[in-house]
Amino acid sequence: MLTRRFLLTNSAIGLATWLGSSRLFTVSAAAAAFQVAHTDAEWRKLLTPDQYAVLRQGATERPFTSPLLDEHRPGIFACAGCDMGLFSSETKFESGTGWPSFWAPLHDNAVGTDQDSSLGMTRVEVHCNGCGGHLGHVFNDGPKVTGLRYCMNGVAMTFKPAIA
Ligand SMILES: [Zn+2]
């Protein structure tokens, strides 16, 4: 049993290392198994062109363009790709960056991260753990609560207001 656990742990680390070293996060996202999976053609049909560019191709929306930037009602921000809840309005804050920003995900398993070395920068990419869709990046200059700033593309999310 111990041996088996050791092997499993080791292979998990091996996979994580490989994922982290892959240059394009889209490759790693495709390699990992997500609960919601579609072919590229299906994603193109399911998503708007802007949603597809961000969620499936890792594009970044222009700052100050998302209506979710000014969404201040209580509720849940969900993935536009698979509808899974990602962030609560309770952790949303004004970062001044022009992208909806949060200091924590809805729960530990809502989002996953990967190393992103594109554009000559080393950043931590954030994706939905339901479908692997790219959401944005996380930085270490957030509010003191967690010190994290989840910098999200509004187009990759939908908002579900809490029922009053
Ligand atoms: Zn998703």
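Note that these values count all heavy atoms, side chains included, but never hydrogens, waters or copies made by symmetry. Whatever order the structure lists ligands and atoms in, that order sets their numbers, starting from 1.
Side-chain contact check for D116 and S118: at least one donor-acceptor pair (N or O, by modelled atom type) lies under 3.5 Å.
Inter-residue side-chain proximity for V126 and D114 is flagged as unmet; no heavy-atom pair is nearer than 4.5 Å.
In the displayed structure, D40 atom CG is contacted under 6.0 Å by more than 12 heavy atoms of other residues, nucleotides or ligands.
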Acceptor/donor pairs from residues 63-70 side chains to any protein atom, 3.5 angstrom cut, sequence neighbours excluded:
{"unit_1": "T65", "atom_1": "OG1", "unit_2": "R62", "atom_2": "O", "d": "2.5"}
{"unit_1": "S66", "atom_1": "OG", "unit_2": "L68", "atom_2": "N", "d": "3.0"}

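Residues satisfying the salt bridge (Lys or Arg N to Asp or Glu O under 4.0 Å) test with D108, not counting sequence neighbours, are none. Scanning for salt bridge (Lys or Arg N to Asp or Glu O under 4.0 Å) contacts around E71 gives R73, with sequence neighbours left out.
Take a cut-off of 2.8 Å around the Zn ion (ligand 1): the protein N, O or S atoms inside it are C79 SG, C82 SG, C128 SG, C131 SG.
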